[in-house]
Amino acid sequence: MRAGLEPGAVSCYSWALMSKPRLRFAPSPTGYLHIGGVRTALFNWLWARKTGGTFILRVEDTDQERSTDASRAVIFESLNWLGLDWDEGPGKGGEHGPYTQMERLSLYQAKAEELVRAKKAFRCYCTKAELDLQREALKAKDPKAQFKYPGTCRERTDEPNLPYVVRFKTFRGGSVRYVDKVFGEIVTPNIEQQDFVLLREGGVPLYNFGAVVDDMMMEVSLVARGRDHMVNTPPQIMLYEAFGVKVPEFAHLPMMLAPSGEKLSKRHGAVSVSEYAETGYTPDAVLNYLARFGWSHGDQEVFSKEELIHAFSWESCGRGDGKFDAKKFLAINHEHLKTPGLTTDGDYASRTVPFLKKRAIGVQSEARITEKAVTSALYMIRERATTFGQAADMLDPFFREPPVMDEKAAAKFLIKEAAPRIAGFREAVARAAEWTEGALEASVNAWLAESGLEMKVVGQSVRVALTGRTASPSLYQVLFVLGRDVSLARLSRAASMADRLSI
RNA sequence: GGCCCCAUCGUCUAGCGGUUAGGACACCGGCUUCUCACGUCGGGAACACGGGUUCAAUUCCCGUUGGGGUCACCA
C-alpha cells in the first residue's frame, strides 16, 4: 500500500493519524545554538508536547571539519536552559539509538549497500577534481548553464579497486509532490535533481542521506525544519520511496532574517542562546518571542510555556520570512519579568542572584546576596527591570556598603545647599512612628509642610545619598528595604559629604 | 542565472469576499510623578503594481515587480 513512484501518489496521512507523532531536532555541533535553530526546535517540541508525541534529539556531526565536542555541550546546555527537554537522544537513550550520527556509520553504509544492490544507487569513481574540472569547463562555455553530475558511472558495472562515493540514481521522469503542513502542496519536477552523493569516499554520509536513514529508522513521522531545507525535501522523498517506506509529513518554517533582510548572523548582534542567558533573559520569554515569530494566535502576544503548548498549531504558522526585532524581544522579556504569573518571585530571585554575585566579586557584602534577601527587594524593581542583569544592577546599591557613588550625581546633588535638606530629611525619617513606607512618607510630608520645602528639590539629593544614583525605585521603598540603620547612616554620611564638598 | 518559496503599518502579525483594515513592539504627544520606570489617554503609520473572476476584492486566479532560499564528497 506504499506510495508508488508516480507523481501525486505520496500520501502522508495514515501514519500521522495512526500513532503519536515523533518529531526531532537535529542540530550540527558546529558552534553555539543559533536563535533560529531554537525556533525550529521549539516548534517541534511544542507539537510533540501538545500531541503527547515524542521529541527526539539527534546530533548530526558528519561534518568532521567543523563539529566539536564543545559545541555539542553548548547545544545541550542551551536546550536545557530553555527547558526544551528531549525524550530520546544523547544522555537520554531510546530504542533507536545511537543518536549521534558518527556513531551510526555502519548503519548508513549498510543502507547504502542495500540501495546499490537494488540498483537504486551506484558507485561513482569520479574524483572531486574531475568533477570540478567539468564544472569549470561548462561554465567557460556557457556561464548560464547548470552543471549537473553527468551520470558517468551511473550504469557502470565493473568494480575497480579505486576510491568511490555512492550516488543515488535519481528518478528521471515525473515529479515529487508533497503537502507541506505550512506551505501546502509543493511539486518539484524530478528533472531538477541530479544523482546526489549518499556516502562520501570515506563512508561518511552526506546530509540528505544521513537524515533520511535516521528519520526512517527512528520512525520520525513529521519533519519540521527551516525553509532553507525545503529544497532537500524532494530528493529525500525519493530516498524514502527507494527504500519503500512511508514518507513522513513535512513542515517548513519561514526564515528569521536580520533587520537588514540578510541571513541572521553574529554581526547583527546576539544570535546565540547563551548570549541571552548571559544578558538575563528568562527562558520562557525567549520561547515566547520565537514562537510568535512566524506563528500567531489571534491578538495574543504574551504566552506562558503551557499556553504555547496549548495554542500551537501548524495551521497558524505564517509563510512569509520575517526580520528579527531585538526591541520587541526585549519588550517580551520585560513583560515576562513584570508578571509574577509568568516569572515567580522564587524564579526571579534565583536567576538574579548569580548576576548580583558576579558584580559583587571581591566585595565583602557578597555573603548578603541571598535568594531570600533578593526576594524581599523584588517588588521595587519588578516593573522596571527588563532583564535579570538589569535587575541586578538596580539592586546593587542594596547589597553593597557603601553603595557605589556616581561621581556626576554627587557633584550635582550632594552640594552645600543640599546638606541641610538631607539632614532634615534624615531627622524626619528618624522620627517616623515606625519604619514602614507609609509612616516614613507621612513623617517626610509633615517635615516638608513645616519647612516649606518640596519633594522636587530634596528628592534627588536624598536619592543620591541613599543609592549613589539619580535613578532608583521610590524613596520610601528604598528606605524600607535598606532598613533604618543603613538608611540613617547613608544619609548622615552624604550630608556631611555635601557639606564638605563645596567648601 | 535555473528551480523553489514568499508579499497587510518601520517590525511581528490579525484578517480566511462586504471591516472606519484590528493588536503588539518601536516612534511622537498628554496625564501621573521624588528620579527612572510602570501605568494610562491620544496620534501618525500598511493591504507592492497591473490585469482578470465577482454585485463586491486586502482576501480567489494570472502576470509584473520586489524579497528570500538553494544549486558541494557543508548541514
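Below, chain A is the first sequence line, B the second, and so on; all start at residue 1.
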Taking only side-chain nitrogens and oxygens of T62(A), does any of them come within less than 4.0 Å of OP1 or OP2 of A75(B)?
-> yes
What is the pairing partner of U70(B), taking Watson-Crick or G-U wobble pairs with both distances under 3.5 Å in any strand?
-> G2(B)
Using a cut-off of 4.0 Å on non-hydrogen atoms, how would the nucleic acid contact of L330(A) be classed: base, sugar-phosphate, or nothing?
-> nothing
Any K263(A) side-chain N or O less than 4.0 Å from OP1/OP2 of U70(B) = yes
Under 4.0 angstrom, heavy atoms only, what part of the nucleic acid is Y476(A) near: base, sugar-phosphate, or nothing?
-> base
Taken to the nearest whole Å, CG/N190(A) to P/C3(B) is 15 Å
Touch class at under 4.0 angstrom, heavy-atom based, for K327(A) against every strand present = sugar-phosphate
Phosphate-side-chain proximity, R200(A) and A75(B), N/O vs OP1/OP2 below 4.0 Å = yes
Touch check for L475(A), heavy atoms < 4.0 angstrom, all strands: base, sugar-phosphate only, or nothing?
-> base
Using both distances under 3.5 Å as the test, list the Watson-Crick or G-U wobble partner of A57(B), or none.
-> none
K338(A) side chain near G39(B) phosphate (N/O to OP1/OP2, under 4.0 Å) | yes
Does a sphere of radius 6.0 Å around CZ in F480(A) hold more than 12 heavy atoms from other residues, nucleotides or ligands, not counting ones at 6.0 Å or beyond?
-> no
For atom CG of D142(A), is the number of surrounding heavy atoms from other residues, nucleotides or ligands below 6.0 Å larger than 12?
-> yes
Closest-nucleotide 5' rank along RNA chain B - winner of N232(A) and E185(A) = E185(A)
With sugar-phosphate meaning primed atoms plus P, OP1 and OP2, does T470(A) contact a base, only sugar-phosphate, or nothing at under 4.0 Å between heavy atoms?
-> base
Ignoring backbone atoms, establish whether R292(A) has a side-chain N or O less than 4.0 Å from OP1 or OP2 of C25(B).
-> no
Taking CZ from R319(A) and C1' from C4(B), how many angstroms apart are they, rounded to a whole number?
-> 15 Å
Separation of M455(A) atom CE from U35(B) atom C1', in whole Å?
-> 10 Å
When all nucleic acid strands are considered with a 4.0 Å heavy-atom cut-off, which category describes C317(A): base, sugar-phosphate, or nothing?
-> nothing
Counting any heavy atom closer than 4.0 Å, what does V165(A) reach on the DNA or RNA strands: base, sugar-phosphate only, or nothing?
-> base
Paired nucleotide for A46(B) [Watson-Crick or G-U wobble; both distances under 3.5 Å] = none
Mind checking S28(A) for me? I need base, sugar-phosphate or nothing, with any heavy atom below 4.0 Å counting as a touch.
-> sugar-phosphate
When all nucleic acid strands are considered with a 4.0 Å heavy-atom cut-off, which category describes E192(A): base, sugar-phosphate, or nothing?
-> sugar-phosphate
Taking any strand in view, what nucleotide pairs with G29(B) in a Watson-Crick or G-U wobble way, both distances under 3.5 Å?
-> C41(B)
Is the backbone N or O of T30(A) less than 3.5 Å from a side-chain atom of D63(A), with the two atoms forming a donor-acceptor pair by type?
-> no
With heavy atoms under 4.0 Å as the rule, sort E60(A) into base, sugar-phosphate or nothing.
-> sugar-phosphate
So what does R225(A) touch, heavy atoms closer than 4.0 Å: a base, only the sugar-phosphate, or nothing?
-> nothing
Enclosure of E454(A) CD (heavy-atom neighbours >12, cutoff 6.0 Å) = no
May I ask you to verify if any side-chain N or O of R167(A) is less than 4.0 angstrom from the OP1 or OP2 atom of C73(B)?
-> yes
Base, sugar-phosphate, or nothing: which does G294(A) touch, judged by heavy atoms less than 4.0 Å apart?
-> sugar-phosphate
Per the atom types in the model, does the base of G23(B) pair as donor or acceptor with the side chain of Q300(A) at under 3.5 Å?
-> no
Could you please name the partner base of A24(B), counting Watson-Crick and G-U wobble pairs only when both distances are under 3.5 Å?
-> U11(B)
Lys/Arg cation over aromatic Y125(A): R123(A), 6.0 Å, 45° cone = no
On RNA chain B, check which nucleotide each of E301(A) and P473(A) is closest to and give me the residue with the more 5' one.
-> E301(A)
Which part of the nucleic acid does H252(A) contact within heavy-atom distance under 4.0 Å: base, sugar-phosphate only, or nothing?
-> nothing
Residue D228(A), side-chain atoms from C-beta onward, closest of U11(B), G69(B), A14(B) = G69(B)
Record whether the side chain of S474(A) comes under 3.5 Å of the base of C34(B) through a donor-acceptor pair of N or O atoms.
-> yes
Check: R384(A) side chain, C36(B) base, donor-acceptor under 3.5 Å | yes
hbond_proxy K328(A) side chain to A24(B) base (donor-acceptor, 3.5 Å cutoff) | yes
Ring centroid separation for F250(A) and W314(A), is it under 6.0 angstrom?
-> no
Tell me which nucleotide among A75(B), C12(B), C73(B) gets nearest to the side chain of R66(A).
-> A75(B)
Counting side-chain heavy atoms from CB outward, which of C5(B), C74(B), G68(B) is closest to D321(A)?
-> G68(B)
For the pair Q194(A) (side chain) and F196(A) (backbone), establish whether a donor and an acceptor sit closer than 3.5 Å, ignoring hydrogens and angles.
-> no
